[in-house]
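Along the sequence shown, residues are numbered consecutively beginning with 1. Everything numeric in this text was worked out from a predicted model, so none of it was measured.
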Amino acid sequence: MKPHVFIDRTIPDEVKTYLIEHCTLDLWEEEDTIPRDQLYKRLNTADGYITSGRRIDAALLAEAPKLKGVSTITVGYNHFDIEAMKERGVLGTHTPEVLDETVADLVFSLMLGSARRVAELDQYIRAGQWKRSDGENLYGVDVHHAKLGIIGMGRIGESVARRAIFGFEMEVQYHNRSRKIEAEQKYGVTYAELDELLAHNDFVVMLTPLTDATKGMIGKRELGLMKSSAIFINVSRGATIDEAALIDALREGSIGGAGLDVFLQEPLPKDHPLLALPNVLLLPHIGSATVKTRDEMAMVAARNLVAVLQGKQPRYLVPEFAI
Ligand code: DGY
């Protein structure tokens with residue numbers, strides 16, 4: 001008998017066709033996130049689960065007695081309670097690599113959009129405020145030839161560094177758990193301690209995965225080290241920074257601006273204080289969201305799960321599950 005798989009979002013037809021060859025499918029294709037009680041009901045008979053951010057914890061696993069694998073259509077897997085999954089013998093897979101260049105493009109969208117105030121000035125025209133073109137009130141700051149600090153130098157960090165150095169002739173520093181000698185030699189990026197990186201650069205880009213070690217890594221003290229003109233970009237996870245401290249820094253003007261794709265609470269509530277600040281550019285967690293990349297990620301996730309359900313080694317097993 002084919003294994004049974006539940007998928008809590010829409011997936012491309014090609015991915016469905018592939019999955020149907022190997023599994024029976026149950027899909028949630030509504031626009032709203034599946035409510036918890038309905039999710040638990042659907043998982044009751046599932047051998048595999050494809051999601052893109054649902055928290056996988058002991059409570060969920062208790063409702064899914066047959067579950068063998070959870071495949072997330074994301075590179076980040078901080079929504080996996082690894083210990084709980086290991087205890088139940090449920091494997092987790094994710095989708096790195098395929099999204100690197102797309103997320104790097106998004107980092108640059110946030111850098112350029114914040115520096116040149118793209119969204120703010122679009123609103124300015126729509127509000128009928130465009131009276132003259134050369135007003136200083138329209139000025140931004142340069143990205144080309146500026147100094148860029150990257151926190152978290154994985155594959156995406158390297159893709160950002162490549163764009164920065166070869167496309168924008170920027171000077172690039174990075175901070176990472178371990179030195180990336182190959183990247184240093186290949187691109188001319190230099191390693192810096194966190195405090196030095198924060199103080200030195202015009203743009204600081206946060207790309208670390210969310211782990212116990214990176215939770216709240218950037219707080220009041222760290223933001224206080226940044227230049228008053230510097231722009232802070234977060235494309236990692238909301239919880240890697242102290243959001244309240246960032247809001248204070250943006251309000252007080254102790255940093256120049258921010259570009260954010262990730263937040264502590266997603267979707268961002270309608271009354272969130274960030275929405276009232278003009279010097280922050282906000283995106284709804286769309287780092288990897290191009291049609292091509294998301295379709296490819298869905299296929300990678302499907303292949304990962306089929307491998308798990310067939311007792312084979314999936315291409316992208318989350319490293320913590322490797323024996
Ligand atoms: C991921 O895949 O983890 C990204 O945050 C998606 O944009």
Could you tell me the separation between the [atom1] atom of [X] and the [atom2] atom of [Y], rounded to the nearest 0.5 Å?
X: Lys2; Y: Asp47; atom1: NZ; atom2: CG; result: 13.0 Å
X: Tyr49; Y: Asp8; atom1: OH; atom2: CG; result: 3.5 Å
X: Ser109; Y: Leu281; atom1: OG; atom2: CG; result: 9.0 Å
X: Leu250; Y: Asn279; atom1: CG; atom2: CG; result: 4.5 Å
X: Thr95; Y: Glu296; atom1: OG1; atom2: CD; result: 11.0 Å
X: Glu196; Y: Thr190; atom1: CD; atom2: OG1; result: 7.5 Å

Has the side chain of [X] got a donor or acceptor atom that lies under 3.5 Å from a matching backbone atom of [Y]?
X: Arg88; Y: Leu67; result: yes
X: Ser71; Y: Ala301; result: yes
X: His175; Y: Ala192; result: yes
X: Gln38; Y: Pro35; result: no
X: Ser52; Y: Thr72; result: no
X: Asp261; Y: Ile286; result: yes
X: Asn201; Y: Phe203; result: no
X: Thr293; Y: Thr290; result: no
X: Lys312; Y: Val306; result: no
X: Asp100; Y: Val103; result: no

Heavy-atom side-chain contact between [X] and [Y] under 4.5 Å:
X: Ile247; Y: Leu274; value: yes
X: Val300; Y: Glu97; value: no
X: Leu309; Y: Val5; value: yes
X: Arg251; Y: Pro273; value: yes
X: Asn44; Y: Pro65; value: yes
X: Gln310; Y: His22; value: yes
X: Arg54; Y: Thr33; value: yes
X: Phe263; Y: Asn234; value: no

Option among Arg117, Arg116, Gln123 that satisfies the side chain to side chain donor-acceptor pair (under 3.5 Å) test with Glu120: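 Only one option passes, and that is Arg117.
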Within 6.0 Å of [atom1] in [X], more than 12 heavy atoms from elsewhere:
X: Gln129; atom1: CD; answer: yes
X: Arg36; atom1: CZ; answer: no
X: Lys220; atom1: NZ; answer: no
X: Lys215; atom1: NZ; answer: no
X: Glu320; atom1: CD; answer: yes
X: Glu182; atom1: CD; answer: no

Between Arg163 and Val107, is a side-chain contact (heavy atoms from CB on, under 4.5 Å) present by the stated rule, with each step listed? CA-CA 10 Å; Arg163 283 164 175 71; Val107 168; over 6 Å; no
Which atom pair, heavy atoms only, marks the closest approach of [X] to [Y]?
X: Val308; Y: Pro314; result: CG2-CG, 3.7 Å
X: Leu194; Y: Glu222; result: CD2-CG, 4.4 Å
X: Phe232; Y: Ile241; result: CZ-CG2, 3.6 Å
X: Leu110; Y: Leu260; result: CD2-N, 4.0 Å
X: Phe6; Y: Ile34; result: CZ-CD1, 3.6 Å
X: Ala183; Y: Val189; result: O-CG2, 3.6 Å

Verdict with supporting geometry, His272 and Gln265, side-chain contact (heavy atoms from CB on, under 4.5 Å): CA-CA 10 Å; His272 197 282; Gln265 190 184 342; 5.8 Å; no
Could you tell me which residues satisfy ring-ring contact (aromatic ring centres under 6.0 Å, His included) with His94, sequence neighbours excluded, listed by chain and number?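 Per chain and number, His94 pairs via ring-ring contact (aromatic ring centres under 6.0 Å, His included) with Tyr77.
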Establish whether [X] and [Y] are linked, either directly or via other cluster members, by ILVMFWY side-chain heavy-atom contacts under 4.5 Å.
X: Met297; Y: Leu19; value: yes
X: Leu283; Y: Val75; value: yes
X: Ile150; Y: Ile181; value: no
X: Leu317; Y: Val90; value: yes
X: Leu223; Y: Leu277; value: yes

May I have the step-by-step check of side-chain contact (heavy atoms from CB on, under 4.5 Å) for Tyr187 and Gln185, ending in yes or no? CA-CA 6 Å; Tyr187 308 123; Gln185 287 163 352; over 6 Å; no
Can you pull out every ring-ring contact (aromatic ring centres under 6.0 Å, His included) where at least one residue sits in residues 96-138? Sequence neighbours excluded, please.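 Every ring-ring contact (aromatic ring centres under 6.0 Å, His included) pair that includes a residue of residues 96-138, provided the two are not neighbours, is Phe108-Phe168.
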Quick one about [Y] and [X] (side-chain donor to acceptor, distance below 3.5 Å, no hydrogens or angles considered), yes or no?
X: Thr214; Y: Thr240; result: no
X: Arg294; Y: Ser288; result: yes
X: Glu158; Y: Tyr174; result: no

Sequence-distant partners of Ser178, side chain to side chain contact (heavy atoms under 4.5 Å, CB included), two or more places apart: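 Side chain to side chain contact (heavy atoms under 4.5 Å, CB included) list for Ser178, sorted by chain: Asn176, Lys180.
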Assess whether salt bridge (charged side-chain N to carboxylate O under 4.0 Å, His left out) is satisfied between Lys41 and Asp37, documenting all intermediate values. CA-CA 6 Å; Lys41 218 161 137 195; Asp37 57 333; over 6 Å; no
Please test Glu87 against Leu61 for side-chain contact (heavy atoms from CB on, under 4.5 Å), starting from the C-alpha separation and ending with a verdict. CA-CA 10 Å; Glu87 206 162 296; Leu61 294 169; over 6 Å; no
Matching residue for Met226 among Ile231, Leu197, Ile218, Val204 - test: side chain to side chain contact (heavy atoms under 4.5 Å, CB included):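 Between Met226 and the candidates, side chain to side chain contact (heavy atoms under 4.5 Å, CB included) is satisfied uniquely by Val204.
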